[in-house]
Amino acid sequence: MNKAFPQVAILGRTNSGKSTLFNRLSETHQAIISPLVNTTRDRNFSDIAWQGKMFTLVDTGGLDSAVTDELGKEIQKQVMLAVKDADVILFLIDGATGILPQDKQLALLVKKINKPTILGINKIDNQKKEKNIDPDFHKLNFSHVAKFSALNGSQTGDLLDLIIKLLPAKHQTLAPKPYTLKLAIIGRPNVGKSSLINAILGEERVIVSKIAHTTRDINDVNFIYKNKHFTLIDTAGIRRKSRVGEWHNKLLGKIEKEGVQATLNTMDKADVVILVLETQSRISAQDQILVQLALEHQKNMILVLNKWDLIEEKEPLTVEKFIEYFHAHLPFAKHVPMIFVSALKKQRVHKILDLALEVEAESKKQISDEELADLLNSIMKKYRPRQKQTVTFGQEKKPLKLHSLKQIRVNPPLFYIRMNKPQNMPTAIKKIIEKEIRERYEFLGVPVKITVGK
Ligand code: GDP
């Protein structure tokens, strides 16, 4: 096995609680691994993060059925195999039943292995049980001892501290920064942002509250959806009604600076901005400003039309009519996908997350030079069929020569046009090129920027 992190193997006889401990530590402290770090994940292996350090916990479950009164050669072989790659051994005994002969035999074997070992006394669920621990455990003579309850998790933090202490220094790897898709939910007051957050988090989502190896803003909420990690940014800011309320009442053009600044700060941290509007009311100037701000800040974006339940008598064409209406009022955001939801009825709420994943993937797309050369060629033919490699537009007298088109950055994508007169490039031509790029490659919800040079 390729060892990405140092290994800690749990050993112990049947019923000592190996699987319970393995599950407890995996469930609460399993590391979020960046998709780039390729580690083996298996039922019996779990990458654990604790205090910024990583290790792989190994459950040597295979021993269970085999351990008998007599530790035969076969079992010894199995134990050796299980701990071959281990850097630390966690030798588990059942603190409730006391020390059994098998424990003593296993203990002798573990000592022979000569690796750092922790004697783990499990099933210490409360103080009473701690008082009743079999004093004979001292006779096993291990220098590192931890008492805990795998079942209720008590004192497992101390156990993890001890494990970290015993891990070989040369192996200690700082936990990789986990990859998480950061979402900012913005919108004017009362469109249903808080309700939407509750609906998103309230469903079957696992909220990852304890991510031991990262420092995070307490206002961020982390959760998992379809095995992907998401972070909702600044949820407290959204829920803080009073301040947003003030902002709401300001006249257009005099929007309270602090409110806008807070929205911008939240937006800037996000990978995808989720702008919430109400389906049942007309688009307001504030909505338009928010869309414009997100576009100016080159953000990936989704428009969420909430309160869909308030629209009565929906017909097959209702959605199209709404899209038409929104496009007419937000003409600069036609590339932004729209989704009609009801936070109240929890309708299509999870689709927002699917869409966010899609938009994020779109923003990381890289189009090859060859494909773009082909696209430029077809643009030339389309707009100036008779004179190859030249484009004229409007008042511009001299023909413009567009030499090449390349994508020089992803997320957000930036395209570079090499041409003869960059200073004279009409915006309209840039717009045409953007339109053609989108027609072929879509870039759903993603800002596409075009720059020119010689
Ligand atoms: P926020 O200010 O954007 O966070 O908005 P809230 O989430 O506090 O919602 C404002 C009001 O709209 C509340 O009375 C919600 O119950 C209501 N609301 C939110 N989402 C929906 C929805 O999908 N349908 C309906 N009918 N009402 C909603």
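Because the structure is a prediction, the values reported are computed rather than measured. We count ligands from 1, going down the list as the structure has it; atoms in each ligand are counted the same way.
Residue-level proximity to ligand 1 for Asn306 is carried by the side chain, the only part with a heavy atom below 4.0 angstrom. Residue contacts with ligand 1 for Asp309 involve side-chain atoms from C-beta outward but no N, CA, C or O (heavy atoms, distance under 4.0 Å). Contact annotation: for Leu310 versus ligand 1, heavy atoms closer than 4.0 Å belong to the side chain alone.
Sorted by first and then second residue, the ring-ring contact (aromatic ring centres under 6.0 Å, His included) pairs with a member in residues 261-313 read Trp308-Phe322, Trp308-Phe340; sequence neighbours excluded.
For ligand 1, the atoms sitting less than 4.0 Å from at least one non-hydrogen atom of Ser194 are 1 (P), 4 (O), 7 (O), numbered in the order shown with element in parentheses. Distances below 4.0 Å separate heavy atoms of Pro189 from the following atoms of ligand 1: 2 (O). Atoms of ligand 1 found under 4.0 Å from any heavy atom of Ser195, numbered from 1 in the order shown, are 6 (P), 7 (O), 9 (O), 15 (C), 19 (C), 20 (N).
Some N or O of Leu344 is nearer than 3.5 Å to an N or O of ligand 1, by distance alone.
Closest heavy-atom approach to atom 21 (C) of ligand 1 among the candidates Lys307, Lys346, Lys193: Lys307.
Under a 4.0 Å N-O distance rule, the pair Lys431/Glu434 does not qualify as a salt bridge. Between Asp94 and Lys123 there is a salt bridge, with a side-chain nitrogen of the basic residue lying less than 4.0 Å from a carboxylate oxygen of the acidic one. Of the charged side-chain nitrogens involved, at least one lies within less than 4.0 Å of a carboxylate oxygen, so that Lys382 and Glu436 count as a salt-bridged pair.
The salt bridge (charged side-chain N to carboxylate O under 4.0 Å, His left out) test applied to Lys128 returns no partner, not counting sequence neighbours.
The only member of Phe326, Tyr325, Phe332 that meets ring pair (Phe, Tyr, Trp, His ring centres under 6.0 Å) when paired with His329 is Tyr325.
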